[in-house]
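Worksheet: one structure, shown below.
In what follows, every heavy atom counts, from backbone to side chain, and hydrogens, waters and symmetry copies are set aside. Values in this document were obtained by computation on a predicted structure and should not be read as measured data. We count ligands from 1, going down the list as the structure has it; atoms in each ligand are counted the same way.
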Amino acid sequence: MCGIVGYTGTSQAAPILLDGLARLEYRGYDSAGLAIRDGSELAQVVKSTGKLRSLIEKTDSGRSLAGTCGIGHTRWATHGEPSQTNAHPHVSGNCTGSACGQVESEVVGVHNGIIENYLELRDKLSRHGYQFYSETDTEVVVKLIDYYYRKYKIGPVDAINRTLVRVRGTYALALMFRDHPGEIYAARKDAPMIIGVSGENSYLASDVPAILNYTRSVYYIGNLQIARVLPGEVHFYDLNGDEVQLERTEITWDAKAAEKNGFEHFMIKEIYEQPAAVRDTLASLLCDGKISLADTGLDDTTLRSVSSIRIVACGSAWHVGMAAQYILEDLAQIPVRVELASEYRYRKVLSDDRELLIVISQSGETADSLAALRKGKDMGIRTLAIVNVVGSTIAREADHVLYTHAGPEIAVATTKAYSSQLIAIYCLAVETAFMLGRIDEEAYEYYIQELTSLPDKITRILEEKERIQWFASKYSNARDIFFIGRGLDYAISLEGSLKAKEISYVHSEAYAAGELKHGTISLIEDNILVIGVLTQKDLFEKTVSNMAECKARGAYLMALTSYGNYSVEDSADFTVYVPKADPHFMASLAVVPLQLFGYYSGVARGLDVDKPRNLAKSVTVE
Ligand code: F6R
């Protein structure tokens, strides 16, 4: 949600900030803005609605804004419609917020997150003579900082500190103060923010891809900490205003990984990166041909003591949890419960102290997943995070971390991170099963062999993409799609359905195939597309029967199964085959044609598949 960038150094700031915003556009894309300072001159503010392109044009690719210090923002609206007035940066002065140009203000700022008590703070500030030009919570927080700054005649760090203890919510802030040229101040609570330093230049961003081209050496600013960023130098402070030392972390991601590299969209590039993402994640969990969870800190004694597993996550990561439930219960024979993080966080939860709480998250910043993790920790439950972004909040707060190695995922719709999360679950399931004596050495080796064969099988599916591409273009104007499957195939259907609807905006639902006739089958009529997922041998016949019931009511049937199951063609109108693998691991293969289906349906409809409407990559607000 919303992307923030900042730069102070020896180069012109605006082109660097626009470049960073372009790499963060997946975090929000309804408006964008920059504030640039040239020495002791007042800040120049430029904002624009719509995609970043219009800000780039408005500023002549940044050339019209001189100055070596600045902040930028790309917005995903929470408070107030997308408009130039509501776009960031916001200023403390009593001006019209839509105006661009030099602004006579003490404080200029950008913000990611939500300030929950902004109306109460706005009332307070109004009583002190402040006027508000926008509907945003950001303008309130900028003005509150200004209020403390002037009233107590204190420095930026103290003014920000006083503000942080008054605001409730989640936020990352980047601010410039009129009296402090060349400096940027940053603060965060439960929203991501990193700071990188290279030579005489300093960078600040909501996410790693924005600064990868400039530096890999970053600080992860802590919750309720403040950073004072100067050219080539940064200082951190706690809520008392005392300076604190933070460690630098080296980012290992390749800058090229955050580029399209000749692909039309990030999404298709990331679909094609899945063999590598799966291979790399697997390699990180294998040592001398055996699974090793040593890096997570989960030792044998701990694993043996686990009596049940609860998985919490959102969206596609929750779909991984749904698949995990079948796999872990079958292999390790441990009871597993899967919950949506947004539900788990607000309900009375009964757990015993031998439960393992697994939080799955690509970004490691999803607000509901983070809240669920904290709730589990408060209850004294052991927590394991399966996370892709190194140093993210969930990774830092969990007791144990299993990093996936998908690299930077830029497209809003997840593909390679989902596939890497599945690998993490498979390894956890096989290792736990072996440790608990549920599988013998022979089976253990067989599963590892099956796992290592997955990347090549995914490559093979990608080599045959034309068939699904053709089918997706043909059905891109479908009104409704139903994905059905049983067991693990139901979990795969959930992901296939989400990919279809979020990218192509075609209404779709995933149903446990046996559940359809308990109500939903009334929606099946002539030419409705029903996609049956049939990778589980034991459930194959059952799902085929459910598909036949849909066909009898006029549905057009697509089947997704593995090579060899040719009898499905007796019922299905169109069939897609994937290579065979152990049934526990079939989600890794069956999901690929469904990702391609969602992608090519969106492309056929002329949609911006990397940035579907109303969505943002990392959901750091509730
Ligand atoms: C869908 C998608 C989302 C995310 C969800 C959780 O394609 O990407 O449903 O899976 O927002 O995000 P993370 O994994 O970052 O917690």
Side-chain angles (χ1 to χ4, degrees), residues 1 26-28 76 170 190-192 206-209 265-268 270-271 274 277 281 311-324 338-345 358-374 385-395 397-398 401-404 406-422 424-425 483 491-492 494-505 508 510 591-592 594-599 601-602 607-622:
M1 316 249 105
Y26 60 85
R27 298 182 62 89
W76 187 89
T170 56
D190 297 341
S206 310
D207 209 347
V208 173
H265 297 104
F266 279 110
M267 185 174 171
I268 189 70
E270 289 163 6
I271 288 175
Q274 289 183 113
T281 303
I311 301 177
V312 290
C314 303
S316 294
W318 177 73
H319 298 160
V320 172
M322 289 296 284
V338 187
E339 297 199 52
L340 291 165
S342 54
E343 290 294 312
Y344 173 84
R345 65 181 290 190
I358 304 182
V359 179
I360 308 176
S361 174
Q362 186 285 128
S363 61
E365 302 290 350
T366 301
D368 286 322
S369 304
L370 176 60
L373 174 84
R374 287 181 178 162
I386 297 179
V387 171
N388 193 43
V389 178
V390 174
S392 54
T393 311
I394 291 176
E397 293 193 12
V401 187
L402 193 167
Y403 279 115
T404 51
E409 193 177 62
I410 310 291
V412 166
T414 185
T415 52
K416 61 176 179 167
Y418 168 92
S419 289
S420 309
Q421 289 161 355
L422 283 176
I425 290 296
F483 289 76
I492 300 168
L494 285 166
E495 181 59 5
S497 169
L498 183 60
K499 288 285 99 67
K501 70 182 125 194
E502 68 180 332
I503 304 301
S504 70
Y505 311 157
S508 85
V591 77
V592 179
L594 300 181
Q595 294 167 339
L596 291 168
F597 177 77
Y599 172 76
S601 303
L607 300 172
D608 186 348
V609 290
D610 278 343
K611 301 187 208 77
R613 69 183 175 207
N614 306 338
L615 296 178
K617 181 74 182 159
S618 98
V619 184
T620 50
V621 295
E622 279 193 57

Would you check if Glu495 and Leu594 make a side-chain contact, meaning some heavy-atom pair closer than 4.5 Å?
-> no
Evaluate the side-chain proximity of Arg374 to Asp190: yes if any heavy-atom separation is below 4.5 Å, no if none is.
-> yes
Got a donor-acceptor contact below 3.5 angstrom from the Glu270 side chain to the Ala411 backbone?
-> yes
Please examine the side chains of Pro408 and Val208, heavy atoms only from C-beta on, and report whether any two atoms are closer than 4.5 Å.
-> no
With Lys416, which residues qualify under salt bridge (Lys or Arg N to Asp or Glu O under 4.0 Å), at least two apart?
-> Glu273
For the pair Lys499 (side chain) and Gln595 (backbone), establish whether a donor and an acceptor sit closer than 3.5 Å, ignoring hydrogens and angles.
-> no
Protein neighbours of ligand 1 with a heavy atom under 4.0 Å, given by chain and number, are Cys314, Gly315, Ser316, Ala317, Ser361, Gln362, Ser363, Thr366, Val412, Ala413, Thr414, Leu498, Lys499, Glu502
